[in-house]
Engineer: 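My questions all concern the structure below.
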Amino acid sequence: MSGGGCSIVWFRRDLRVEDNPALAAGVRAGAVVAVFIWAPEEEGQYYPGRVSRWWLKQSLAHLDSSLRSLGTPLITKRSTNSVSSLLEVVKSTGATQLFFNHLYDPLSLVRDHRAKEVLTAQGITVRSFNSDLLYEPWDVNDAHGQPFTTFSAFWERCLSMPYDPQAPLLPPKRIIPGDASRCPCDMLVFEDDLEKASNALLSRAWSPGWSNADKALTAFINGPLIEYSKNRRKADSATTSFLSPHLHFGEVSVKKVFHLVRIKQVFWANEGNKAGEESVNLFLKSIGLREYSRYISFNHPYSHERPLLGHLKFFPWVVNEGYFKAWRQGRTGYPLVDAGMRELWATGWLHDRIRVVVSSFFVKVLQLPWRWGMKYFWDTLLDADLESDALGWQYISGTLPDGREFDRIDNPQFEGYKCDPNGEYVRRWLPELARLPTEWIHHPWNAPEYVLQAAGIELGSNYPLPIVGIDAAKVRLQEALIQMWQQEAASRAAIENGTEEGLGDSSESAPIAFPQDTHMEERLAEPVRNNPPHGTRRYEDQMVPSMTASHVRVEEEETSSDLRNSAADNRAEVPTNVTTQENARETVNQGGLLNVNRNTRVQNNATEMWLRNAAEDSTAESSSSTRRERDGGVVPVWSPPASNFSEQFVDDENGIGASSSYLQRQHPQSHQLMNWTRLPQTG
DNA sequence: CGTACGTTGGG
DNA sequence: CCAACGTAC
């Protein structure tokens with residue numbers, strides 16, 4: 001197509017050459033300069049953790065070698081400002097086009113929008129694509145055109161969309177290199193010496209890189225997938241897909257995963273293999289949860305730092321760094337929790353079940369502020385993923401319309417016998433309990449003295465007594481809830497009296513500073529040696545908790561007088577996209593350019609922008625027979641056109657009241673919320 | 001042997 | 001909250 005300069009393909013979390021629409025578009029357009037920009041400071045609170053950076057480093061090396069064998073290197077840039085670095089790359093290569101794939105976390109939405117604005121203003125054609133999802137978030141709506149607010153409805157819709165997800169693209173056969181002679185690589189440093197030593201063992205268990213991801217996928221589909229349903233609860237068995245870090249960095253395409261799994265599904269359905277079918281459905285559901293996490297992030301850009309439902313606004317979180325430390329170090333006195341935390345600590349990995357157990361324990365038993373837990377997960381997980389992890393913690397914390405009730409404590413002892421019935425998992429990670437019989441392995445505090453003695457255990461000495469009893473936790477939880485209702489009622493009364501000050505003084509709405517001393521170095525010294533190189537890989541998990549509390553932003557938002565406005569402002573700062581892709585008949589694009597230019601200062605017309613994009617959508621839709629054609633053509637725009645957007649969740653000052661009305665027209669699972677808002681009146 | 005009630009899974 | 005399932009009357 002268009003002659004002249006080369007194209008920049010901007011790699012981010014799409015570190016693969018297969019089924020990469022941006023790369024494919026670049027190759028189709030002619031010469032390509034492939035770029036990766038490392039600007040971690042832009043991530044602020046979300047500066048990637050040690051193991052995550054390790055993965056990234058390997059993955060980039062892998063990508064570079066693949067690209068080289070196709071004809072062009074990966075140009076790496078160290079930057080504190082991605083957009084200006086992009087601009088430099090464009091200038092030094094004489095590129096006329098920029099291609100990249102969509103991301104849906106709030107930082108990327110803002111940054112990518114700016115990139116489009118800035119480069120478009122320079123006369124560069126900018127096009128972006130869907131490579132991360134089965135369907136773009138704005139394409140999945142309910143019968144009224146509104147975004148879904150519960151997972152089941154969302155996923156049901158995804159599975160019954162009128163058109164299939166796009167079929168995966170093959171890797172390019174060859175890439176014509178653009179002229180990057182005046183665009184030298186920066187050396188990227190992802191780990192210091194200390195970290196390097198800590199990371200040394202990771203490569204035994206994991207092989208980052210897109211072709212390894214592909215192998216992992218094939219191995220999973222032809223192996224453990226069929227038993228996924230049966231095995232998924234076992235803490236310790238190597239029966240999950242191990243795809244999550246690969247998926248996080250986009251080393252494997254979700255569309256491809258979906259595609260291949262579906263083929264198996266049809267096959268097993270024909271065979272009448274019920275277990276296989278159920279396994280497929282469950283596995284696909286976990287893929288769906290990943291989709292949903294992006295969907296939520298896109299529609300509710302603050303969901304990584306603020307509860308989606310505000311009913312816990314007045315919950316008196318226990319701000320106890322001692323508890324927090326005990327949890328991190330695996331010294332809570334609950335063997336399953338402790339084993340999990342030590343595994344996380346030693347390997348950066350946890351089975352999904354165990355993530356649920358430890359995070360639930362964190363929120364429900366310790367009643368620590370959940371953002372601390374998210375932050376810790378963010379720092380330590382190999383597959384740390386902002387969107388998935390935010391969804392996971394919100395689920396656990398009871399702040400989703402379809403999440404678990406807050407008021408329900410999972411008992412780690414019982415969970416232990418469910419997911420580690422023989423205690424093998426506990427024994428592997430807690431050598432001090434290795435000699436304890438299975439009967440007591442998940443509740444050593446009940447074991448007779450002679451049993452403990454025989455096992456060499458002295459509770460309170462070489463293994464802790466429970467730091468909080470479950471019964472005590474239940475009592476404290478009830479009290480906390482009563483307190484919460486009282487505060488809420490008081491706040492409401494204050495508002496009715498016109499005293500605005502009623503809000504914002506609880507720990508949930510006020511930021512709780514994240515303790516400083518929480519890095520991996522501080523951890524116990526021994527764990528690694530207890531980890532047999534068992535298995536070569538670790539688990540996959542889409543419903544991962546983890547994440548960060550960006551207190552700064554929360555503070556700003558929550559003290560702002562009108563949160564709706566602040567949300568709208570931010571929404572406006574999102575990518576405006578332009579063109580189509582693939583089979584693009586190249587009919588489009590100019591309108592987009594104009595739009596972008598017109599919006600260099602769009603601080604306040606989010607709605608307008610939405611409407612315009614929606615309009616582009618519908619014209620694209622009606623003028624072409626298939627929606628696939630506009631896959632690359634639409635741009636992430638924050639938030640649905642819903643006028644009651646802010647009514648839906650906590651970011652408005654009336655959070656609780658408003659969210660109850662939201663809930664009333666919502667789905668069955670909203671119950672817990674309604675109860676909560678009602679209880680103050682009844683109690 | 002049915003019905004009430006508790007528990008658990010569910011995203 | 002609801003469904004599914006178990007235990008207790």
Side-chain angles (χ1 to χ4, degrees), chain A residues 134 137 140 142 147-159 228-235 240 244 278-279 281-297 299-300 303-304 307-309 311-312 336 351-357 359-361 363-364 370 374 385 387-419 421 442 470-471 474 477 540-547 649 659-660 662-679 682:
Chain A
L134 299 176
V140 184
D142 67 17
F148 292 100
T149 52
T150 58
F151 170 72
S152 313
F154 164 81
W155 188 231
E156 211 171 287
R157 175 68 183 154
C158 287
L159 292 175
Y228 186 79
S229 162
K230 198 180 89 192
N231 290 332
R232 89 203 121 108
R233 287 176 207 293
K234 295 282 178 289
T240 49
S244 62
E278 201 200 335
S279 289
N281 289 335
L282 279 166
F283 178 69
L284 286 182
K285 192 174 83 176
S286 75
I287 295 294
L289 285 162
R290 178 184 178 282
E291 294 273 305
Y292 191 56
S293 72
R294 271 70 180 155
Y295 186 79
I296 290 288
S297 176
N299 286 309
H300 308 289
S303 58
H304 59 296
L308 238 57
L309 295 173
H311 57 296
L312 293 184
L336 186 65
H351 188 286
D352 168 55
R353 278 285 131 183
I354 306 300
R355 295 182 198 210
V356 169
V357 168
S359 56
S360 172
F361 182 84
V363 173
K364 307 291 179 65
W370 56 283
M374 282 205 293
D385 181 283
E387 298 93 313
S388 290
D389 298 351
L391 184 67
W393 278 93
Q394 294 229 17
Y395 170 64
I396 291 303
S397 302
T399 55
L400 295 175
D402 52 353
R404 252 229 202 328
E405 293 92 338
F406 187 81
D407 179 358
R408 189 155 122 185
I409 294 185
D410 297 305
N411 189 319
Q413 176 185 338
F414 302 149
E415 291 295 318
Y417 285 107
K418 268 179 274 178
C419 64
H442 291 298
I470 296 297
D471 290 340
K474 282 182 180 159
L477 194 58
E540 109 112 346
D541 166 7
Q542 302 311 327
M543 354 186 185
V544 182
S546 106
M547 245 260 328
F649 49 135
S659 55
S660 79
Y662 156 67
L663 286 164
Q664 265 139 26
R665 65 184 145 80
Q666 275 322 312
H667 321 269
Q669 300 247 8
S670 45
H671 57 85
Q672 74 262 35
L673 251 276
M674 299 176 54
N675 287 345
W676 296 51
T677 54
R678 279 177 188 168
L679 277 162
T682 59

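Within every chain, numbering begins at 1; the chains are lettered A, B, ... in the order of the sequence lines, protein sequences first and strands thereafter. The figures here come from the full heavy-atom set of this structure, side chains too, leaving out hydrogens, waters and symmetry mates.
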Engineer: Is there a side-chain polar atom (N or O) of Lys418(A) under 4.0 Å from OP1 or OP2 of dG9(B)?
Structural biologist: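 Indeed, a polar side-chain atom of Lys418(A) lies that close.
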Engineer: Measure the distance from OH on Tyr417(A) to P on dT8(B) and round it to the nearest whole Å.
Structural biologist: 15 Å
Engineer: Rounded off to whole Å, could you give me the CG-to-P distance for the Leu289(A) and dG10(B) pair?
Structural biologist: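 In whole Å, dG10(B) P and Leu289(A) CG are 12 Å from each other.
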Engineer: Side chain of Arg232(A): nearest nucleotide among dT8(B), dG9(B), dG10(B)?
Structural biologist: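 In terms of side-chain proximity for Arg232(A), the closest of dT8(B), dG9(B), dG10(B) is dG10(B).
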Engineer: Relative to each other, are the rings of Phe151(A) and Phe154(A) parallel, tilted or perpendicular (30° and 60° limits)?
Structural biologist: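 Plane angle between 30° and 60°, so tilted.
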Engineer: Expressed in angstrom and rounded to an integer, what is the separation of Arg353(A) atom CZ from dG10(B) atom C1'?
Structural biologist: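 Going from Arg353(A) (CZ) to dG10(B) (C1'), I get 10 Å.
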Engineer: Can Tyr395(A) be called stacked on dG11(B) when the rule is centres closer than 5.5 Å and an angle between planes below 30°?
Structural biologist: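 Here the ring of Tyr395(A) and the base of dG11(B) are stacked, with centres under 5.5 Å and planes under 30°.
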Engineer: Ignoring hydrogens and geometry beyond distance, is the side chain of Arg233(A) in donor-acceptor contact with the base of dG9(B) at under 3.5 Å?
Structural biologist: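 No.
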Engineer: Round to the nearest Å and state the distance from Asp410(A) atom CG to dG9(B) atom P.
Structural biologist: 8 Å
Engineer: Looking only at side-chain atoms of Arg408(A), point me to the closest of dT8(B), dG9(B), dG11(B).
Structural biologist: dG9(B)
Engineer: Could you tell me which non-hydrogen atom of Phe361(A) sits nearest to which non-hydrogen atom of Pro412(A), and how far apart they are?
Structural biologist: CD1-CG, 3.8 Å
Engineer: Within this structure, what is the CZ-to-C1' distance between Phe154(A) and dG10(B), rounded to whole angstrom?
Structural biologist: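 Roughly 18 Å, once rounded to whole Å.
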Engineer: Roughly how many Å is it from CG in Leu391(A) to C1' in dG11(B), rounded to a whole number?
Structural biologist: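 Whole-Å distance recorded here is 7 Å.
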Engineer: What class does the angle between the rings of Tyr417(A) and His442(A) fall in, given that below 30° is parallel, 30 to 60° is tilted and above 60° is perpendicular?
Structural biologist: perpendicular
Engineer: Hey, does the side chain of Ser286(A) reach the backbone of Phe283(A) with a donor-acceptor pair shorter than 3.5 angstrom?
Structural biologist: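 Side chain of Ser286(A) to backbone of Phe283(A): a pair is present.
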Engineer: Return the value, rounded to whole Å, for the distance between atom CD of Gln394(A) and atom P of dG10(B).
Structural biologist: 20 Å
Engineer: From NE2 of His300(A) over to C1' of dG11(B), roughly how many Å is that when rounded to an integer?
Structural biologist: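 Rounding to the nearest Å, NE2 of His300(A) and C1' of dG11(B) are 15 Å apart.
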